[in-house]
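All remarks here apply to the structure that follows.
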Amino acid sequence: MTRKDRYQFVIDYFSEHAPEAETELLYDNPFQLLVAVILSAQCTDKRVNLTTPVIFAKFPDAESLAKATFDELFPIIKSISYPNNKTKHLIGMAQMLVADFNGEVPLKVEELIKLPGVGRKTANVITSVIDEQPNMAVDTHVFRVSARIGLTLQAKTPLQAEQQLIKFFPKELIHKAHHWLILHGRYVCVARSPKCEICGLQQGCKYFQATLKN
DNA sequence: ATCCCGAGGG
DNA sequence: CCCTCTGGAT
């Protein structure tokens, strides 16, 4: 199977079985999504979703979060990974939104990555989810699943994987493909003992074909 | 012991 | 390139 065929197989499968795939992070506006994605590093979406409503009840927008003190915010996100860093990042991020972006979330990757706590992956999530820009956020799930299936070849970094994925997925499907791969990685193609026996991608998956030989 | 929608700094 | 941050779930 050529790589192009593999991509088409994946597109056909998910178009039929997961046409509605979207983020599981809860949010009502770009600001809330940005906060949620910053918190999501090395943490489950489920836990993020338990935390963000408490934050937004007290700090509903960039202006209020910019005025928050460390000691006000830290206890709320204490049970998330890296609470120290994330507390500083969230407040700094809100302060920069107010200072440089009129309190609004910019929708350009180059501007987003200037914000504290916002790297390439987060910037790609925001621009693709909010604005459907053809950017592929490569997180741990996308990286692992793409490598297993054979969508990416010899990708050693998330950036290399991203470049391959945006080259082969049609532009208009990139923001959707991101969620296909995330959700597949979360529920089927999990890191430890992937559930190949219930996976609909067997016939197009490099990893499954390789394990068959054993 | 390993993994969860990573980012920043050296 | 490496390292650190660092809590909860399985």
Side-chain angles (χ1 to χ4, degrees), chain A residues 14 18 20-27 30-52 54-55 70 73-97 105-106 109-133 135-149 151-152 154-162 165-166 169 174-195 207:
Chain A
F14 286 119
E20 310 296 328
E22 59 183 353
T23 181
E24 293 185 328
L25 292 169
L26 302 176
Y27 71 99
F31 170 75
Q32 290 193 358
L33 180 63
L34 182 53
V35 171
V37 177
I38 289 174
L39 290 177
S40 71
Q42 297 300 300
C43 185
T44 59
D45 281 9
K46 192 178 291 184
R47 177 142 297 277
V48 172
N49 287 336
L50 291 173
T51 305
T52 45
V54 185
I55 298 177
F70 182 93
L73 187 57
F74 181 81
I76 301 176
I77 67 176
K78 183 173 174 25
S79 61
I80 287 193
S81 303
Y82 316 137
N84 221 303
N85 287 343
K86 287 174 178 174
T87 298
K88 295 173 192 167
H89 288 160
L90 286 181
I91 295 173
M93 176 276 285
Q95 289 175 344
M96 190 178 290
L97 284 185
V105 177
V109 169
E110 317 85 76
E111 294 181 335
L112 280 163
I113 59 180
K114 294 178 187 168
L115 298 166
V118 179
R120 186 171 186 85
K121 177 253 167 178
T122 299
N124 282 336
V125 171
I126 300 300
T127 53
S128 64
V129 170
I130 299 295
D131 202 29
E132 294 195 6
Q133 291 174 34
N135 300 331
M136 174 65 74
V138 177
D139 66 7
T140 179
H141 293 304
V142 173
F143 190 82
R144 179 185 66 252
V145 173
S146 300
R148 278 191 185 149
I149 295 174
L151 297 178
T152 56
Q154 309 290 338
K156 290 172 186 168
T157 65
L159 181 58
Q160 290 174 6
E162 175 187 332
L165 290 166
I166 62 174
F169 273 118
I174 289 177
H175 71 279
K176 181 62 77 175
H178 165 70
H179 292 113
W180 286 340
L181 297 173
I182 287 253
L183 296 176
H184 192 64
R186 187 172 298 161
Y187 298 113
V188 181
C189 195
V190 295
R192 289 176 290 191
S193 356
K195 304 174 182 174
Y207 179 89

Problem - Given Leu90(A), Leu39(A), Ile126(A), the one that forms side-chain contact (heavy atoms from CB on, under 4.5 Å) with Leu34(A) - result: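 Per the side-chain contact (heavy atoms from CB on, under 4.5 Å) rule, the option paired with Leu34(A) is Ile126(A), out of Leu90(A), Leu39(A), Ile126(A).
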Practice task
Please work out which of the three classes, parallel, tilted or perpendicular, describes the rings of His184(A) and Phe14(A), given edges at 30° and 60°.
Solution key: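 Aromatic pair Phe14(A)/His184(A) classed perpendicular.
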Practice task
Mind checking side-chain contact (heavy atoms from CB on, under 4.5 Å) for Tyr27(A) and listing every partner two or more places apart, or none if nothing turns up?
Solution key: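 Testing Tyr27(A) for side-chain contact (heavy atoms from CB on, under 4.5 Å), a comparison that skips the adjacent residues, returns Thr23(A), Gln32(A), Leu33(A), Val129(A), Ile130(A).
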Expressed as a whole number of angstroms, how long is the span from [X]:[atom1] to [N]:[atom2]?
| X | N | atom1 | atom2 | value |
| --- | --- | --- | --- | --- |
| Ile38(A) | dC4(B) | CD1 | P | 21 Å |
| Leu25(A) | dC5(B) | CG | P | 9 Å |
| Leu34(A) | dG6(B) | CG | P | 15 Å |
| Met136(A) | dC5(B) | CE | P | 16 Å |
| Lys88(A) | dA7(B) | NZ | C1' | 13 Å |
| Leu112(A) | dG6(B) | CG | C1' | 15 Å |
| Glu162(A) | dC5(B) | CD | P | 19 Å |
| Ile77(A) | dA7(B) | CD1 | P | 15 Å |

Practice task
Would you check if the distance from the ring center of His89(A) to the ring center of Tyr82(A) is below 6.0 Å?
Solution key: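 No, too far apart.
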Problem - Nearest-Å distance once atom P is located in both dG8(C) and dA7(B) - result: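 dG8(C) and dA7(B) have their P atoms separated by 22 Å.
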Exercise for the section: Can you tell me, in whole Å, how much space there is between the C1' of dT6(C) and that of dC4(B)? Expected result: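 Their C1' atoms lie roughly 12 Å apart.
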Handout entry: Distance test, side-chain N/O of Arg186(A) to OP1/OP2 of dC4(B), below 4.0 Å
Key =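 Looking at the OP1 and OP2 atoms of dC4(B), neither is under 4.0 Å from any side-chain N or O of Arg186(A).
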Exercise for the section: Indicate whether OP1 or OP2 belonging to dC5(B) is found under 4.0 Å from a side-chain N or O atom of His178(A). Expected result: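 Answer is no, no contact under 4.0 Å.
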Handout entry: Note, Ser79(A) side chain near Arg47(A) side chain (heavy atom, < 4.5 Å)
Key =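 Result yes, sub-4.5 Å side-chain heavy-atom pair found.
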Exercise for the section: Please tell me if the side chains of Asn135(A) and Ile174(A) come closer than 4.5 Å, counting only heavy atoms from C-beta onward. Expected result: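 A side-chain contact under 4.5 Å is absent here.
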Could you check whether [X] gets within reach of a base, just the sugar-phosphate, or nothing at all, counting any heavy atom under 4.0 Å?
| X | answer |
| --- | --- |
| Ala137(A) | nothing |
| Thr23(A) | base |
| Val125(A) | base |

Please list each protein N or O that sits under 3.5 Å from an N or O in nucleotides 8-10 of chain B, with the distance.
unit_1, atom_1, unit_2, atom_2, d
dG8(B), OP1, Gly117(A), N, 2.7

Exercise for the section: List the steps, then state whether side chain to side chain contact (heavy atoms under 4.5 Å, CB included) holds for Leu112(A) with Val105(A). Expected result: CA-CA 8 Å; Leu112(A) 280 163; Val105(A) 177; 3.9 Å; yes
Practice task
For Asp139(A), check salt bridge (charged side-chain N to carboxylate O under 4.0 Å, His left out) against everything at least two apart and list the hits.
Solution key: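 Here no residue qualifies.
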Practice task
Check salt bridge (charged side-chain N to carboxylate O under 4.0 Å, His left out) between Arg186(A) and all other residues, then give those that pass, not counting sequence neighbours.
Solution key: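 Here the qualifying residues are Glu24(A), Asp45(A).
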Practice task
Any chance you could list the contact pattern along nucleotides 2-10 of chain C? Use B for base contacts, S for sugar-phosphate-only contacts and - for none, protein heavy atoms under 4.0 Å, 5' to 3'.
Solution key: ---BBBSSB
Practice task
Could you tell me which residues satisfy side chain to side chain donor-acceptor pair (under 3.5 Å) with Asp131(A), sequence neighbours excluded, listed by chain and number?
Solution key: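 Asp131(A): side chain to side chain donor-acceptor pair (under 3.5 Å) contacts with Gln133(A).
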Practice task
Between Gly185(A) and Arg120(A), just flag the one whose closest nucleotide in DNA chain B comes earlier from the 5' side.
Solution key: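 Taking each residue's closest nucleotide, the earlier one in sequence belongs to Gly185(A).
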